[in-house]
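Read the numbers this way: they start at 1 and go in the same order the structure lists the ligands and their atoms. Here the structure is a predicted model, which is why all the values come from computation and not from measurement.
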Amino acid sequence: MKVLTTIQQVRDFVQAARARQLSVGLVPTMGNLHEGHYSLIRAAAKECGCVVVSVFVNPTQFGPNEDYATYPRTPEQDLAGCQAGGAAAVFMPSVEEMYPRGQTLATVSIASLGDNLCGASRSGHFTGVCTVVSKLFNIVRCDKAFFGMKDFQQLTIIRRMVDDLNFPIEIVPCPTVREPDGLAMSSRNSKLSKEDRAQAPALHASLELAREMILEGVRDSRAIIEAIAAKIAAQAPGGAIDYVKVVHPDTLKDVQVPDGPVLVALAVRFQGARLIDNILVDAAAKAS
Ligand code: PAF
């Protein structure tokens, strides 16, 4: 496995892979890799002859009061995991390599899909994500790129960006990977205190409660949101709700009456970390 730190090295590496008729898969990450990331790398290795993992904590997607400085960085561990997962190369650029002039003048932003959910409280976040992902797509020129469904809004936005801007890339969504107690795997879980870690599975449990309510016929999003909030207040008192929403999975707009496919999504701030999670439910399906 090659460790690449410059854009030119990546271009040369990918060109050599293409000369060997290999298809190229990209797994963009911010490092501190866990089983969720490894599942993306494995999915990429199944579908592509050459897998490139990018490990870059992208400063432009963090707001001034967010955790850029303290975001967990574990490069040695990440390299070992990428190698074990079957990556052909890891792209680990410096901030100067990606942003030699500081902030780029050109940015990629997304209209309404970025307004709700995380976009409502993380101003500029999705512009930072779309800009760095566009740069990675232009650097790696992959055939396929793999993204986890835990970041459902990010996935939806990137799919739309690829479609609107004609990137010749297939976006492959991969299911959320969970701890045995249901907590969605995230690099930020390691920043939780012991007490908050013990409470955090309530997030997924509350989403499962929402699923049951919808499948049993509850058609009032307000009642579902209130039930989720009550469960989190009871079982995770260390967490402050940022949002709980029932939205359409394509438009990400609020749905008042869930009578078709919906995404139930939430973000909760604990002292050490803000966690997000979601589930897709088809309200038209019958409860089993
Ligand atoms: O999901 C992430 O880890 C990041 O938002 C991404 C896609 C790697 C862009 O920095």
Establish, yes or no, whether the cationic atom of R73 lies under 6.0 Å from the six-membered ring centre of Y68 and within 45° of the ring axis. yes
If you define the side chain from C-beta out and look only at heavy atoms, does anything of L183 sit under 4.5 Å from N189? yes
Protein heavy atom at shortest distance from atom 2 (C) of ligand 1: Q154 NE2, 3.9 Å
Residue P28 vicinity, atoms of ligand 1 by number, heavy atom under 4.0 Å: 8 (C)
Counting both backbone and side chain atoms, is some N or O of N58 under 3.5 Å from an N or O of ligand 1? no
Under a 4.0 Å heavy-atom limit, does T29 contact ligand 1 with its side chain, its backbone, both, or neither? backbone
Numbering as shown, the atoms of ligand 1 that approach Q61 to under 4.0 Å (heavy-atom distance): 4 (C), 5 (O), 9 (C), 10 (O)
Quick check on side chain to side chain donor-acceptor pair (under 3.5 Å): which of K245, K253, Q153 does N116 satisfy it with? K245
If you have a sec, work out which protein heavy atom is nearest atom 3 (O) of ligand 1 and how many Å separate them, to one decimal? M30 CG, 3.5 Å
Which atoms of ligand 1 sit under 4.0 Å from any heavy atom of V132? 9 (C), 10 (O)
F270 six-ring centre to K191 NZ/CZ under 6.0 Å and within 45° of normal: no
So, the side chain of T74 versus the backbone of Q77: is there a donor-acceptor pair under 3.5 Å, distance only? no
Do you know which two heavy atoms are closest between P72 and N32, and how far apart they sit? O-CB, 3.5 Å
